[in-house]
K.L.:
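One structure coming up, written as structure tokens, with questions to follow.
The chains referred to below are lettered A, B, ... by the order of the sequence lines, with proteins before strands, and numbering in each begins at 1.
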There are 2 protein chains.
Amino acid sequence: MREFHTTSLADQVFDKLENDIITGVYPKGEILTELKLVEQLGVSRTPIREALRRLEQERLIAESGKGSVVLGITEEDLEDIMNIREHIEGLASYYAAVNMTPDGLKELEHIMDLQEFYFSKHDLEHMRQIDDKFHDLICQLSKRTVINDTLVPLHRKTQRYRKKSMENDQRLVNMIAEHRNIFNAIAAGDAALAESLTAQHIRNAKLNMLERLKNNG
Amino acid sequence: MREFHTTSLADQVFDKLENDIITGVYPKGEILTELKLVEQLGVSRTPIREALRRLEQERLIAESGKGSVVLGITEEDLEDIMNIREHIEGLASYYAAVNMTPDGLKELEHIMDLQEFYFSKHDLEHMRQIDDKFHDLICQLSKRTVINDTLVPLHRKTQRYRKKSMENDQRLVNMIAEHRNIFNAIAAGDAALAESLTAQHIRNAKLNMLERLKNNG
DNA sequence: ATGCGTATAATTGTATACATTAATCCAAAA
DNA sequence: TTTTGGATTAATGTATACAATTATACGCAT
């Protein structure tokens, strides 16, 4: 018998709020109070509180005396995030190559195709989502819980700033090529190559992001 | 006017449960149900639920159909934790050296003294706590939120296995010496040295832990 | 014996009332 | 004008009742 597993209200509220923060519906500095969210979302405080606490733990919001304030990330944060990813994300690709399954490979290939599709449409919003999905999926397919749990929150935090770094058309072309190379290494089961290509890929992304950040002030 | 800020029941419950899991009061596999905890702790389900959700996010427990099950960590987890720490913990020491304050230095020095005091008493339980405190404090004093948030959960997860690695007396002596060297580098403001000493320290700890784990089966 | 289905019990999910705490505002005094 | 005190308001913290779900036990048919 198939199990239904309706997602709980708390999960739905969390997903919605996380997405709204990432996409800028609630910009940095916005104050979220439980009561306002009760009105807006039409559910009771209980699931809302649970969602807020999870967002708090991910450092997307923080208590501020009066309600929860939506946090931004500083240049220092971004620097640290990319430095950590530069050191760790290669491990994810390494184990993804080691533990890959046919199903996982198919999933990953689908991402590769979508990324080229959205690029041909110049759809930056979906490009951002797909880029994130690519890196999240590799973490997941690595089958290494600790690595996944360490990296995924960092991916979440950079999402808001990813779109800006995608306005550079040349970087987009390079990104797609780098993803493709990483995919090929994983598909070939060459863990060491996947690892070093990934580290280099993050390094490139970091340089591009920080440069953009400096130029935009 | 001084602010009081009594910690909430939810915080207290979280701290207690986290500590009980870390110290083995609730061993791996133990099932925690909200109702049992209500009886044991004498508070309502609301703060208990909040605490459980936070423990879940730290991967110390997981939902299991019937209640929440206390998770252990596998050898793979331990390997990943120490590999990640090996790559990142140096950054924490680096920034701790850069951003150090007199007060912070005093705090850190106090830890150094306590560690030698407890060693002279052969008090392994406190040694474990102090070791953890040392690394947590450096993360905190680095003033780099992302680095702190990335490392602290990893420290929590290894606590349970730290005591075992402290049964090696020679390792304890080395550990104290390594901590002292890291402290001196930070106090001297030599960020690069603090970073490399820390990386080496974690490498040593990793080797010792994995070896112990193999020997004990 | 074994598998199936239903009744029952146990557990979590949600809403809400009440308690407590913290922020705000305004009036009065320095 | 600034500050201070307290009343008021608004927010979160906590407990609890009720709903929905899931596990379990048991009887029945095969």
K.L.:
Rounding to an integer number of Å, can you tell me how far B/Glu39 CD sits from C/dA10 P?
P.N.:
12 Å

K.L.:
Taking side chain to side chain contact (heavy atoms under 4.5 Å, CB included) as the definition, give me every residue that meets it alongside A/Ala92, ordered by chain and number, with sequence neighbours left out.
P.N.:
A/Ile138, A/Cys139, A/Ile147, A/Leu151

K.L.:
Could you go through residues 107-119 of chain B and list every donor-acceptor pair under 3.5 Å that involves a side-chain atom there, pairing it with any protein atom two or more places apart or in another chain?
P.N.:
| unit_1 | atom_1 | unit_2 | atom_2 | d |
| --- | --- | --- | --- | --- |
| B/Gln115 | OE1 | B/His179 | ND1 | 2.7 |
| B/Glu116 | OE1 | B/Arg180 | NH2 | 3.3 |
| B/Glu116 | OE2 | B/Arg180 | NH2 | 3.3 |

K.L.:
Please name all residues satisfying side chain to side chain contact (heavy atoms under 4.5 Å, CB included) with B/Glu76, sequence neighbours left out, ordered by chain then number.
P.N.:
A/Arg144, B/Thr74

K.L.:
Can B/Asp149 and A/Arg59 be said to form a salt bridge (charged side-chain N to carboxylate O under 4.0 Å, His left out), step by step?
P.N.:
CA-CA 9 Å; B/Asp149 292 350; A/Arg59 293 278 197 267; 2.9 Å; yes

K.L.:
Separation of B/Leu41 atom CG from D/dT14 atom P, in whole Å?
P.N.:
13 Å

K.L.:
When the side chains of residues 98-106 of chain A are checked against the rest of the protein, which donor-acceptor pairs come out under 3.5 Å, sequence neighbours left out?
P.N.:
| unit_1 | atom_1 | unit_2 | atom_2 | d |
| --- | --- | --- | --- | --- |
| A/Asn99 | ND2 | A/Tyr95 | O | 3.4 |
| A/Asn99 | ND2 | A/Ser142 | O | 2.9 |
| A/Thr101 | OG1 | A/Gly104 | N | 3.0 |

K.L.:
Of the nucleotides C/dT16, D/dT14, C/dT12, which one has an atom closest to the side chain of B/Arg45?
P.N.:
C/dT12

K.L.:
Where do B/Asp11 and B/Arg54 land on the salt bridge (charged side-chain N to carboxylate O under 4.0 Å, His left out) test, with the steps shown first?
P.N.:
CA-CA 10 Å; B/Asp11 285 345; B/Arg54 284 165 63 185; 3.0 Å; yes

K.L.:
Picking from D/dT12, C/dT14, D/dT14, which would you name as closest to the side chain of B/Leu9?
P.N.:
D/dT14

K.L.:
Suppose the criterion is salt bridge (Lys or Arg N to Asp or Glu O under 4.0 Å): which pairs have a residue in residues 21-36 of chain A, not counting sequence neighbours?
P.N.:
A/Glu34-A/Arg45, A/Glu34-A/Arg49

K.L.:
Just how far, in rounded Å, is C1' of C/dA23 from CG of A/Leu35?
P.N.:
15 Å

K.L.:
Using heavy atoms and a sub-4.0 Å distance, could you list which residues of residues 46-54 of chain B are near DNA chain D? By number, please.
P.N.:
B/Thr46, B/Pro47

K.L.:
Using whole Å, report how far CG of A/Asp11 lies from C1' of D/dA20.
P.N.:
16 Å

K.L.:
What is the separation between atom CD on A/Glu63 and atom P on C/dA23, rounded to the nearest whole Å?
P.N.:
11 Å

K.L.:
Counting side-chain heavy atoms from C-beta on, which of C/dA15, D/dT16, D/dT12 comes nearest to B/Ser44?
P.N.:
D/dT16

K.L.:
Mapping A/Val43 and A/Ser64 onto DNA chain C by nearest heavy atom, which one lands closer to the 5' end?
P.N.:
A/Val43

K.L.:
Can you tell me the distance, in whole Å, between the CD atom of B/Glu34 and the C1' atom of D/dT21?
P.N.:
13 Å

K.L.:
Choose from C/dT11, C/dA15, D/dA11 the nucleotide whose nearest atom is closest to any side-chain atom of B/Lys66.
P.N.:
C/dT11

